[in-house]
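What follows is a single structure, written as structure tokens, with notes after it.
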Number of protein chains: 2
Amino acid sequence: MDLVFKALADASRRDLLDRLRADNGQTLNQLCAGVPGMTRQAVSKHLALLEEANLIATVKRGREKLHYLNPVPIHEIAERWIGKFERSRLDALSELKKALESGDE
Amino acid sequence: MDLVFKALADASRRDLLDRLRADNGQTLNQLCAGVPGMTRQAVSKHLALLEEANLIATVKRGREKLHYLNPVPIHEIAERWIGKFERSRLDALSELKKALESGDE
DNA sequence: TTGACAGGCAACCAAATGGTTGCATATTGT
DNA sequence: ACAATATGCAACCATTTGGTTGCCTGTCAA
């Protein structure tokens with residue numbers, strides 16, 4: 001799960017995921033065209049990381065490689081990690097408020 | 001939002017958040033006691049990052065500094081970013097399946 | 001078959017990151 | 001006042017990260 005978090009930590013990689021969500025199954029060069037100002041190799045490295053984190057799956061099709069979004073790890077993060085923080089959301093907020101108030105004593 | 005993602009990318013920092021969720025309002029030294037094998041300064045740096053990302057709020061209380069969990073940024077991530085991936089979850093999965101099948105042609 | 005196109009691999013580089021040690025400052029209790 | 005406690009700050013170090021350039025491999029089409 002750490003890999004997923006680290007993969008999501010970079011804005012360029014989140015952007016790549018966004019582009020795949022908008023248009024799934026793109027090739028490396030297609031993705032490069034969408035992210036100008038970065039070499040193909042840089043994009044390639046980002047995609048490799050995303051693939052390692054299992055956030056995208058790839059299919060080799062002749063000489064090109066199609067990239068597909070895999071939403072499962074994001075779902076798992078939402079379920080297992082964010083969920084428990086959501087549950088204590090209001091609770092923690094009221095605690096915080098109380099603490100801030102009592103801090104003025 | 002980038003700060004939040006980067007802050008969440010580190011396992012030690014996620015651990016600190018977990019500890020605060022379990023016992024909110026801890027001081028630096030209390031948190032250090034919970035994470036052995038790391039100097040106070042290391043923990044302090046992590047907390048500074050979490051604070052910068054607005055994931056924790058702090059209250060100075062005499063010579064000690066209390067740390068409170070702020071679940072709002074996590075909620076925002078869940079809403080704005082994960083939400084849209086969740087919505088396309090099954091859709092992307094079926095697309096992926098189709099692509100994998102047609103890849104065998 | 002032979003370009004041209006899509007991608008992979010490796011070396012290299014600068015900057016960011018996670019951690020340390022050492023010292024300074026502020027608060028508290030006796 | 002003063003020693004102990006709680007934290008802050010700065011310099012330093014090793015590793016990781018994001019990026020580059022240069023070259024190699026594989027595939028398609030004329």
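So that the names make sense, note that chain A is the first sequence line, chain B the second, and so on, each numbered from 1. Values below: every heavy atom of this structure, side chains too, minus hydrogens, waters and symmetry copies.
- One interatomic measurement links the two molecules: CD of B/Glu52 to P of D/dG8, which rounds to 14 Å at whole-angstrom precision.
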Requested in this report: Apply side-chain contact (heavy atoms from CB on, under 4.5 Å) to the pair A/Leu8 and B/Leu8, showing each step before the final yes or no.
Outcome: CA-CA 9 Å; A/Leu8 293 180; B/Leu8 292 179; over 6 Å; no

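- Atoms CD (A/Glu51) and P (C/dG8) sit 9 Å apart, rounded to a whole Å.
- Side chain of A/His67 to backbone of A/Gly25: no donor-acceptor contact under 3.5 angstrom is found.
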Look for any protein N or O under 3.5 Å of an N or O in nucleotides 10-16 of chain D and output each such pair with its distance, or none.
none

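- In terms of phosphate contacts, A/His46 brings no side-chain nitrogen or oxygen within less than 4.0 Å of OP1 or OP2 of D/dT17.
- Rounding to the nearest 0.5 angstrom, the gap separating the CG atom in B/Asn70 from the CG atom in B/Leu17 is 10.0 Å.
- One finds a side-chain N or O of B/Asn29 lying less than 4.0 angstrom from the OP1 or OP2 phosphate oxygen of D/dT7.
- Considering only side-chain N and O atoms, A/Ser44 lies under 4.0 angstrom from the phosphate OP1 or OP2 of C/dG8.
- A distance of 10.0 Å separates CG in A/Leu50 from CD in A/Glu52, rounded to the nearest 0.5 Å.
- In this entry the distance linking CG of B/Leu66 with P of D/dT5 reads 19 Å, nearest Å.
- A/Gln30 contributes a side-chain N or O that, together with a main-chain N or O of A/Thr27, makes up a donor-acceptor pair within less than 3.5 Å.
- Atom pair B/Asp10:CG and D/dT17:P shows a separation of 11 Å (rounding to whole Å applied).
- For the side-chain hydrogen bond (donor to acceptor under 3.5 Å, both in side chains) condition, the pairs that include at least one residue of residues 8-17 of chain B, sequence neighbours left out, are A/Asp2-B/Arg14, B/Asp10-B/Ser12, B/Arg13-B/His46, B/Asp15-B/Arg19.
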Atom pairs under 3.5 Å: protein N/O with N/O of nucleotides 24-28 of chain C:
{"from": "C/dT27", "atom 1": "O2", "to": "B/Arg63", "atom 2": "NH1", "distance (Å)": "3.2"}

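- The interatomic distance linking A/Met38 (CE) with C/dG7 (P) rounds to 16 Å, in whole Å.
- Atom pair A/Leu28:CG and D/dT27:P shows a separation of 16 Å (rounding to whole Å applied).
- Proximity of B/Ser12 to the phosphate of C/dG18: no side-chain N or O atom is located under 4.0 Å from OP1 or OP2.
- Remark: A/Asp18 CG to A/Leu69 CG distance equals 9.0 Å, nearest 0.5 Å.
- Distance CG (A/Leu47) to C1' (D/dT17): 16 Å, rounded to an integer number of Å.
- B/Leu3 has its CG atom 14 Å from the C1' atom of C/dA16, to the nearest Å.
- Of the inter-residue distances, the one linking B/Lys65 atom NZ with B/Leu31 atom CG reads 11.5 Å to the nearest 0.5 angstrom.
- With values rounded to the nearest 0.5 angstrom, A/His75 atom NE2 is found 12.0 Å from A/Ile82 atom CD1.
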